[in-house]
S.K.: 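The structure's right below; bear with me while I get my questions together.
We're numbering straight along the sequence, starting at 1.
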Amino acid sequence: MRVVSLVPSLTESVAATAPEVLVGATDWCSHPADLAVTRVRGTKNPDLEAVKALRPDVVLANAEENRPPDIALLRAAGIRVWMTDIRTVDDAFPQLRAMLVDGCGLPSPAWLDEAERAWAAVEPLSPPRRAVIPIWRRPWMVVGRDTFTGDVLRRLGVENLYAEHPDRYPKIPVEELNAARPDLVVLPDEPYAFTAEDGPEAFPGVPFALVGGRHLTWYGPSLAEAPGVLRRELENGMP
């Protein structure tokens with residue numbers, strides 16, 4: 001089996017299960033740190049000729065991360081593409097298992113069972129917190145409706161104030177974000193690398209939590225430790 005992955009979290013999922021089958025990954029595939037495969041540029045601009053040259057049995061992709069025209073061109077070239085569309089924690093487990101077992105011909109890994117158990121036992125914050133979750137600034141963008149990130153935080157007792165917004169990642173002026181009167185601002189370190197200076201500067205007087213983007217947004221082996229890690233990070237940001 002020869003696998004090319006166009007999504008960092010899916011790359012890590014395969015690498016944690018059977019690293020020998022991976023032959024290609026994006027420049028953004030940072031886990032594991034010692035991953036030694038051919039790089040095929042980014043999720044939004046993959047080098048399709050490089051992908052084809054690797055002669056993959058399957059290319060792993062995601063409906064949010066990868067562009068439909070790229071997927072169509074790969075399929076037109078006769079390459080099998082396995083698509084995922086993961087928008088909740090409950091989506092992640094069956095889709096990852098199907099991708100690994102049916103898509104890649106691998107056994108279901110122990111880390112996936114461990115992740116499922118971890119999320120079944122999660123204890124949400126009490127009382128719940130009302131939060132905004134920025135993902136970018138200049139312009140400010142936040143997590144909106146129907147996202148994996150929003151569902152992760154919901155399970156941890158964090159209510160996304162923009163969960164009902166028509167857009168999945170709306171652009172909201174920072175003045176409006178503050179006017180929503182959040183109890184908490186959740187600042188991940190990716191895709192924008194928020195720091196401790198961003199909270200007080202943009203949201204004066206509002207508690208903020210710095211969280212790891214991999215635990216907040218990736219669906220893969222990090223799911224096993226994400227509930228505990230994120231809860232600690234959220235608690236560290238609250239008075």
Side-chain angles (χ1 to χ4, degrees), residues 8-9 28 30-31 43-44 62 64-65 86-92 115 118-239:
S9 56
W28 299 104
S30 56
H31 288 75
T43 59
K44 307 295 186 190
N62 177 264
E64 181 171 330
E65 294 284 346
I86 298 172
R87 303 195 182 194
T88 68
V89 173
D90 284 342
D91 285 345
W119 280 98
V122 70
E123 295 184 10
L125 299 170
S126 181
R129 287 348 192 247
R130 301 166 65 253
V132 295
I133 310 110
I135 59 166
W136 205 258
R137 60 179 301 175
R138 302 184 187 95
W140 283 92
M141 298 175 65
V142 299
V143 172
R145 64 169 181 83
D146 193 24
T147 67
F148 178 77
T149 298
D151 190 59
V152 164
L153 289 171
R154 180 188 64 80
R155 286 170 170 263
L156 290 166
V158 177
E159 175 194 347
N160 177 10
L161 286 172
Y162 290 90
E164 302 302 320
H165 195 280
D167 298 329
R168 298 184 70 221
Y169 298 101
K171 296 177 182 178
I172 308 289
V174 70
E175 296 81 9
E176 186 175 329
L177 297 177
N178 278 287
R181 302 181 64 82
D183 303 323
L184 180 68
V185 179
V186 179
L187 297 174
D189 61 9
E190 62 175 66
Y192 185 93
F194 286 103
T195 69
E197 285 71 41
D198 289 296
E201 174 199 342
F203 303 95
V206 182
F208 67 95
L210 296 172
V211 303
R214 177 168 163 265
H215 290 110
L216 183 62
T217 65
W218 287 34
Y219 26 82
S222 58
L223 279 170
E225 60 184 14
V229 171
L230 288 171
R231 185 184 171 100
R232 287 192 296 273
E233 291 172 336
L234 291 168
E235 290 174 335
N236 287 342
M238 297 183 299

S.K.: Sequence neighbours left out, what passes side chain to side chain donor-acceptor pair (under 3.5 Å) with Glu225? Give chain and number order.
M.R.: His215
S.K.: Tell me every residue that passes side chain to side chain donor-acceptor pair (under 3.5 Å) with Asn236, counting only those two or more places apart in sequence or in another chain.
M.R.: none
S.K.: Report the residues that fulfil side chain to side chain donor-acceptor pair (under 3.5 Å) with Asp146, sequence neighbours left out, ordered by chain and then residue number.
M.R.: Arg87
S.K.: What residues, two or more places apart in sequence or in another chain, satisfy side chain to side chain donor-acceptor pair (under 3.5 Å) together with Glu201?
M.R.: Arg137
S.K.: Not counting sequence neighbours, which residues clear ring-ring contact (aromatic ring centres under 6.0 Å, His included) with Tyr169? List them please.
M.R.: none
S.K.: What pairs with Arg155 under salt bridge (Lys or Arg N to Asp or Glu O under 4.0 Å), at least two apart in sequence or on another chain?
M.R.: Asp90, Asp151
S.K.: Between atom OG1 of Thr147 and atom CD1 of Ile133, what is the distance when rounded to the nearest 0.5 Å?
M.R.: 7.5 Å
S.K.: Verify, without hydrogens or angle tests, whether Lys44 (side chain) and Glu65 (backbone) share a donor-acceptor contact under 3.5 angstrom.
M.R.: yes
S.K.: By side chain to side chain contact (heavy atoms under 4.5 Å, CB included), which residues pair with Pro188, not counting sequence neighbours?
M.R.: Phe194, Val211, Leu216
S.K.: Among residues at least two apart in sequence or on other chains, which ones pass side chain to side chain contact (heavy atoms under 4.5 Å, CB included) with Ser30?
M.R.: Trp218
S.K.: Considering only residues two or more places apart or on different chains, which pairs with a residue in residues 185-197 satisfy salt bridge (Lys or Arg N to Asp or Glu O under 4.0 Å)?
M.R.: none
S.K.: With a cut-off of 6.0 Å (strictly less than), are more than 12 heavy atoms of other residues, nucleotides or ligands near CH2 of Trp28?
M.R.: no
S.K.: Got a sec, which residues hit salt bridge (Lys or Arg N to Asp or Glu O under 4.0 Å) with Asp91, two or more places apart in sequence or on another chain?
M.R.: none
S.K.: Applying side chain to side chain contact (heavy atoms under 4.5 Å, CB included), can you list everything that pairs with Glu176, at least two apart in sequence or on another chain?
M.R.: Tyr162, Ile172, Pro173
S.K.: Do Arg138 and Tyr192 come within less than 4.5 Å of each other through their side chains, counting heavy atoms only?
M.R.: yes
S.K.: Only counting residues at least two apart or in another chain, list the ones meeting side chain to side chain contact (heavy atoms under 4.5 Å, CB included) with Arg145.
M.R.: Arg168
